[in-house]
Structures are given as C-alpha cells and as structure tokens.
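The figures that follow rest on heavy atoms only: side chains count, while hydrogens, waters and symmetry mates do not. Order of the sequence lines fixes the chain letters, A, B, ..., with proteins taken first and strands second; residue numbering starts at 1 for each chain.
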Amino acid sequence: MRTRLALIGLGTLVGVYGAWLLLSRQDFDQLRSVAVWFVAGVLLHDVLLSGVVIALGLVGSRLLPMSLRRPATIALIVIGTVTVAAVPVLGRFGARADNATLLDRNYIVGWVVFAVLVLGALALPWFRGWFRGSFRSHLNRRDKA
Amino acid sequence: MKTPLVPAPEHFTSRLRSPHVAARVGLWLGICFGICFLTGLISHYAQNPTQPVPFPASPSWGYRVTQGLHVTTGTAAIPLLLVKLWSVLPKFFERPPLRDARRLLLHGLERASIGVLVAAGIFMLTTGLMNASQWYPWGFSFRATHYAVAWIAIGSLVVHIAVKLPIIRDVLAGDVDETRHDRPTAVNEGAVSRRGLLRTTWLASGIAVVASVGSTVPLLRDVSVFGVRSGDGPAGIPINKSAVSAKVTASATSASYRLEIAYGDRSVSLTRDDLLALPQHSEILPIACVEGWSASGSWTGVRMRDLLDLVEAPAGDVRVESLQESGPFRITTLQDNFARDDRTLLALTLNGETLAIDHGFPCRLIAPNRPGVLQTKWVTRLEVFA
C-alpha cells in the first residue's frame, strides 16, 4: 500500500508539473485552443468512434453468419485501427505546394493494397476449405459415376 | 436483450472486455508511452539552447534512433490505445456510489485521474501524428503543448498504474482466460478468443509501424505505404522547410551574399567561392527530425572549427544565424562540443551535388547527433561567445 501511495503522490506531482508548464507558457487564446482539442479528442473517441464500433458489433452479430464473424472481427481491428493511424496521410491535410518531398505517396492506393492484403489473408483459409470441399465433391461425383 | 439507449456496464456481455485483456494491452501501451516520454525528453533537452550537461555529439545516429523510436512507439500505441479503451468501455457507464460519501469521493478521484489520462493520451497521439505530417489546425504552440501534456499523461499514467496495481499483478500472473476479475455479465464468447484478440492487436500495431516507419528506415521505404515521406528529394534527401516558405529565395541566391564570422571585435566576411576555396571535408551524417523522418547523406564543406579559427575564437558556444526573416529557429546555438567536433561542417554540397536551395544553399550547418531543426540552413552569420 505504501508503494502505491508513493506512486500516486509521484504521479500527481508529475501531472501538476505538466499542468503548470501548460498554463504558464501560453496565452489565453492558445489555452482555449488546447482545451478545445482536449475535449474534441475525447468526444471523437468516446462518442463517435466507440458508438460506431458498438453499432458495427450489434449489426454484425445479427446479420453476419457465424463463419464470417471471426474474420470480420479481425479485419475490423486491423484495418480499422491502422486506418485511424493513417488519417493524416490519407487526407494529405499537411501537404504543401512548396514541398514535394512531404506526403509524396499515393496513400489511397496504398490503403487499398493494405486492405486487400488483409482481407485476402483472412479469406485464404475459407478459399482453401472451399477448394478442398469442391475437390472432394468432384471426386465423389467421379466415384459415383 | 433489448438494446438500451444509455447502456449500463451489465449490458456489455462479451468476455473479451476483461481486465485480463485490458492489462495485457495496457502493459504494452504503457511501455510505448514510457519510450515516447523518454525519447521526447531527449529531444526537448537537445533543443535547449543552454545545457548544464552538454548533449553528446556521438554517436552521430543517436538522435536519429531516439526520434525514430519516438514516432514508431507513438504510432504503435494507436491500435493499442483503441483496443485498450474498447476493452474497458463498460467502466465508462458505471453509476457513481451516490449514497456513500467516502466511496463517492474515491470513485470521483479515480474517475478524474482516468479522465485526464484518456484525454491526455488521445491528445498526445493525435497531435503527434498530425505533427509528423505537418498538419497544424490549431492555435497553440505544438512544441510547448506536446511537451507539457506529456508530463500530464505520464503523471496520470503513474497514478492509474498505482491505483490498479493489485489487479494488474493478479491478472498478469494468471492465465488470460481466467474469469476471476470479470464482470458477472461478461460471459458471452466473442467472435475471437482472448488470445486471438491480443494477437490481432499486436498484428495491427506491427502493421501500423511497418506501414509508416519507412520515413526513417530506408529498408522499409517500399512497404511503408503510409510513410509521410518516401525518402526522395533534391540529392536524394527529403526537405522539411522550403526556401519559399522561409522566404529566402532572393537573399540566398543574391550576389551580395556573405557569411560573416565574428568573435569580439574580430570578424571576416566570406563569399560562397571563398568557402569553396578553403579545405573541404566530407562526412556521412544523418539529418534527423523530431517528426520521425531521417536520412543519411554525404555532406562536403568546411569544418566549423576551421571557420572559427579564422577569427581566432577560443572554445565557446556559437550563435548561428539564418537568412530566414522569421521563425523560432532563425537563430540557433551550436554548443561548444559540437562546434569543435571534426565532423561538424558548414556544408556546401550534398551527395556530390551543389547544395539545393531547399537544403540550405549557399551553405548550411550539419553536425552529428543534432535535431534537424538546429541544423540551420541558409547560414549567414556565425558568432562565438566564449
């Protein structure tokens, strides 16, 4: 318990130091902008993103057949989270006419290739099963003939 | 079950939303935050004009590695944070214990510390990610704010770990499929197992890194489809700030350009041709940015030490001035240990080509193990303060 209390004290001190740095080095308008971004980030995640994921979960659990739920979940985690990390480059929001070395890739094509590779890798076991199944049924038909 | 408008914790029934999952993802998230914090402190210190302990000039690739790690661990943290927050989402809907004042206070304090941690964590990753692609849709100073909020994030993380320490210890020591700390309603099998969810999270984190780290790891440039820079540019090196945005095109190409070197009342004035006539040295040094991109180049030019000897300057910090009309890094301080290092050059060519204007023509500073923003371009004056 003593270790935990010491850690709580230390963490509080470190956090208060950060708050002091934040408040003491910028003017009011800058601080207001920080506050807006602080709140906007939480709302974007807690309301928008979480809401979308909960909705996808509900829809997926009702509409998707059991066999597709696992690959769909994996696809959602991998493609979804990596896409969130790629938002600034996908939108090319920081692109500048005077600097051709910045954001110099075709990120949309990159995203499509990435998504196709992930979906392809997830579809592979299904294709293998389908191929084996159809091969077996072909053999069965031949045996019967 | 009928779907409620505002859910309560018991409405979340997936057994994937478990402390056994949250602690494992949280452990790696904490490691990423820790590395980000330490490497961020290194960068902040390296950019300080005054350094009680001189920032080392060796190894020359040190800053490249620490800042590459900074952005890499920050990127890896994004899938980790999203899955971690997903795994603890039911907590968000917990009702406060209104009838017990003591418990209510503790509950409120814990909630407040988590609120600060979540807000600061999201803020750090969002602003860092946007800064790496030079996207600044805000009114605050990025550097000052990112630095201050880093302390808030790490402080609240330490408090969070301390509060949760017993449960963290317990679940990490046990098997991931144990149910001891689960909510009673978290019994429904998910579409994936807990191990499957964790493996998928590590995979997403790894892909996020590989898809962006090519900006600093040349080997991965072709597969880094989300890399902010592909690695190309004048003389094969990308640029961060162009001559146009620094408003130096006219002054840098003017025939009246001179490099002034001053110490006390002694000074010399050199044209670019004068600089080319001095002994030339070549060094292979990286240019590395806090935004996470870096590239190695072969720089050729005059040793800083040789230039300072022209005015017989003793050891001391050097004030380096750029032709830029404004900007926070128009004037930088080159500490004595960098100024006296044989590898520190006033570069005139890069990879065998005349320095491009966007790389700092007529001449630029290049020193080992130094933040990119301090590798001043379009240098016009050096003054020694002994």
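Across all their heavy atoms, B:Leu89 and A:Ser50 have their closest contact at CD1-OG, 3.9 Å. Looking at every heavy atom in both residues, A:His45 comes nearest to B:Leu82 through CD2-CD2, 3.8 Å. Shown here for B:Gly139 and A:Gln30, the closest heavy-atom pair between the two residues is O-CG, 3.4 Å. Summarising the geometry of A:Leu21 relative to B:Ala148, their closest heavy-atom pair is CB-CB, 3.7 Å, with the distance given to 0.1 Å.
Ring planes of A:Phe93 and B:Trp135: parallel class, angle under 30° (limits at 30 and 60°). Ring orientation note: the planes of B:Trp138 and A:Trp37 are nearly perpendicular, at an angle over 60° on the 30°/60° scale.
A:Val53 touches chain B through its side chain: at least one heavy atom from C-beta onward sits under 4.5 Å away, while N, CA, C and O do not. Proximity to chain B (any heavy atom under 4.5 Å) is restricted, for A:Thr73, to the side chain, taken from C-beta onward. Using a 4.5 Å cut-off between heavy atoms, A:Asp104 touches chain B through backbone and side chain atoms alike. Looking at B:Ala119, both its backbone and its side chain come within 4.5 Å of chain A, counting heavy atoms on both sides. Contacts of A:Asn106 with chain B are absent, with no heavy-atom separation under 4.5 Å from either backbone or side chain. The contact between B:Ile152 and chain A is made by backbone and side chain atoms together, counting heavy-atom distances below 4.5 Å. Heavy atoms closer than 4.5 Å to chain A are found in both the backbone and the side chain of B:Ala120. Using a 4.5 Å cut-off between heavy atoms, B:Val83 touches chain A through its side chain atoms alone. For A:Arg105, the part lying under 4.5 angstrom from a heavy atom of chain B is the side chain only. Residue contact with chain B, scored on non-hydrogen atoms closer than 4.5 Å, involves the side chain of A:Leu49 exclusively. Of the two parts of A:Trp111, the backbone and the side chain both hold a non-hydrogen atom closer than 4.5 Å to a non-hydrogen atom of chain B. Contact annotation for A:Leu90: only side-chain heavy atoms (C-beta onward) come within less than 4.5 Å of a heavy atom of chain B. With a threshold of 4.5 angstrom between heavy atoms, A:Ala100 does not approach chain B through any atom at all.
Annotation: maximal heavy-atom pairing with chain A below 4.5 Å, among B:Ser141, B:Ser215, B:Gly121, occurs at B:Ser141. Chain B forms the most heavy-atom pairs under 4.5 Å with one residue out of A:Gly15, A:Ala19, A:Ser33, and that residue is A:Ser33. Contact tally against chain B (heavy-atom pairs below 4.5 Å) for A:Asp46, A:Thr3, A:Leu64, A:Thr83: the top residue is A:Asp46. When A:Leu13, A:Val42, A:Ile77, A:Val34 are compared by the number of non-hydrogen pairs under 4.5 Å with chain B, A:Val34 comes out ahead. The choice from A:Asp98, A:Val113, A:Val89 that makes the most heavy-atom pairs within less than 4.5 Å of chain B is A:Asp98. Most heavy-atom pairs under 4.5 Å with chain A, from the set B:Gly233, B:Ser156, B:Pro137: that is B:Pro137. The candidate with the highest count of non-hydrogen atom pairs below 4.5 Å against chain A, out of B:Ile237, B:Val244, B:Val228, is B:Val228. Between chain B and the residues A:Val78, A:Leu102, A:Val16, A:Val118, the most heavy-atom pairs under 4.5 angstrom are made by A:Leu102. When each of B:Leu203, B:Ile154, B:Leu80, B:Val163 is scored by its heavy-atom pairs under 4.5 Å with chain A, the top score falls to B:Val163.
A heavy-atom distance below 4.5 Å is not found between the side chains of B:Ser242 and A:Arg96. At a threshold of 4.5 Å between non-hydrogen side-chain atoms, the residues B:Lys241 and A:Asn99 do not count as touching. With a 4.5 Å cut-off on side-chain heavy atoms, B:Ser133 and A:Arg92 do not count as touching. Between B:Val158 and A:Val14 the shortest side-chain heavy-atom distance does not fall below 4.5 Å. In this structure, A:Leu7 and B:Val159 have side chains that are not in contact, with every pair of non-hydrogen atoms separated by 4.5 Å or more. The shortest distance between side-chain heavy atoms of B:Phe140 and A:Leu31 does not fall below 4.5 Å. Side chains of B:Phe226 and A:Phe114 form a contact here, defined as non-hydrogen atoms less than 4.5 Å apart. The closest side-chain heavy-atom distance from B:Ile78 to A:Thr81 is not below 4.5 Å.
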Evaluate side chain to side chain contact (heavy atoms under 4.5 Å, CB included) for B:Val192 paired with A:Arg69, printing each intermediate quantity in order. CA-CA 8 Å; B:Val192 291; A:Arg69 285 186 197 172; over 6 Å; no
Full working for side chain to side chain contact (heavy atoms under 4.5 Å, CB included) between A:Ile54 and B:Phe12: CA-CA 10 Å; A:Ile54 288 175; B:Phe12 293 89; 4.1 Å; yes
Side chain to side chain contact (heavy atoms under 4.5 Å, CB included) between B:Val149 and A:Phe38, worked out: CA-CA 10 Å; B:Val149 178; A:Phe38 241 88; 3.9 Å; yes
Using side-chain hydrogen bond (donor to acceptor under 3.5 Å, both in side chains), reason through A:Gln26 and B:Thr145 one step at a time and then give a plain yes or no. CA-CA 9 Å; A:Gln26 300 191 75; B:Thr145 311; 2.8 Å; yes
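Note that the CG atom of B:Leu165 and the CE atom of A:Met1 stand 10.5 Å from one another [nearest 0.5 Å].
Heavy-atom neighbours of B:Trp202 CH2 from other residues, nucleotides or ligands within 6.0 Å: above the threshold of 12.
The backbone N or O of B:Gly227 lies less than 3.5 Å from a partner atom in the side chain of A:Tyr107, making a donor-acceptor pair. Side-chain atoms of A:Thr101 do not come within 3.5 Å of backbone N or O of B:Pro238 as any donor-acceptor pair.
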